[in-house]
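Data first, discussion second: the structure below is written as structure tokens.
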Amino acid sequence: MSPPAGEPGRRPTAILYDHDLMAVAGLSVAAEMGLAVPRDVSLLAWDDSQLCQLTPLKLSAMSHDVFGFGAEVARRLLTVLKGGTPATGPVATPVLTPRESTAPPARTT
């Protein structure tokens with residue numbers, strides 16, 4: 001038996017998944033719970049793989065430059081290994097690609 005969907009004010013309005021496959025599973029779980037995506041809950045994937053565009057409801061996603069991320073981390077590591085002080089701050093900035101699985105939260109009255 002599926003868990004109850006709960007009252008709108010007591011459940012999250014959005015869920016961010018750290019893997020696209022998990023976000024696809026989230027679509028199924030939302031349907032099993034009687035929740036409509038994105039009307040009742042928004043779903044956001046992280047990797048923005050091709051999988052995000054192959055689902056019946058195209059998943060919104062955060063995309064990131066994996067190779068650029070790795071290169072910058074390697075540069076910072078080499079700096080430390082050479083006795084230097086590495087740069088601080090974010091290594092990379094992800095980019096939002098909105099599609100069909102996200103919307104503003106529904107108003108509750």
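What you see below is based on every heavy atom in this structure, not just the backbone, and it leaves out hydrogens, waters and symmetry mates.
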Identify all side-chain donor-acceptor contacts of residues 89-100 below 3.5 Å with residues at least two apart in sequence or on another chain.
{"unit_1": "R99", "atom_1": "NH1", "unit_2": "D48", "atom_2": "OD1", "d": "2.8"}
{"unit_1": "R99", "atom_1": "NH1", "unit_2": "L59", "atom_2": "O", "d": "2.9"}
{"unit_1": "R99", "atom_1": "NH2", "unit_2": "D48", "atom_2": "OD1", "d": "2.9"}
{"unit_1": "E100", "atom_1": "OE1", "unit_2": "K58", "atom_2": "N", "d": "2.9"}

**Asked** What pair of heavy atoms forms the shortest contact from A61 to L44, and how long is it?
**Response** N-CD1, 3.5 Å
**Message:** Is there a path of hydrophobic side-chain contacts, each under 4.5 Å between heavy atoms, that joins L54 and L43?
**Reply:** no
**Asked** Do M33 and V41 have side chains that get closer than 4.5 Å, going by heavy atoms?
**Response** no
**Request:** Examine distances only and state if a side-chain atom of T79 and a backbone atom of G84 form a donor-acceptor pair shorter than 3.5 Å.
**Result:** no
**Asked** Considering all heavy atoms of both residues, which atom of G34 and which atom of D40 are nearest to each other, and what is their separation?
**Response** O-OD2, 4.1 Å
**Item:** By side-chain contact (heavy atoms from CB on, under 4.5 Å) - contacts of P86 (at least two apart)
**Value:** R76, V80
**Message:** If the condition is side-chain contact (heavy atoms from CB on, under 4.5 Å), which residues does D20 pass it with, not counting sequence neighbours?
**Reply:** A45, D47, S49, L51, C52
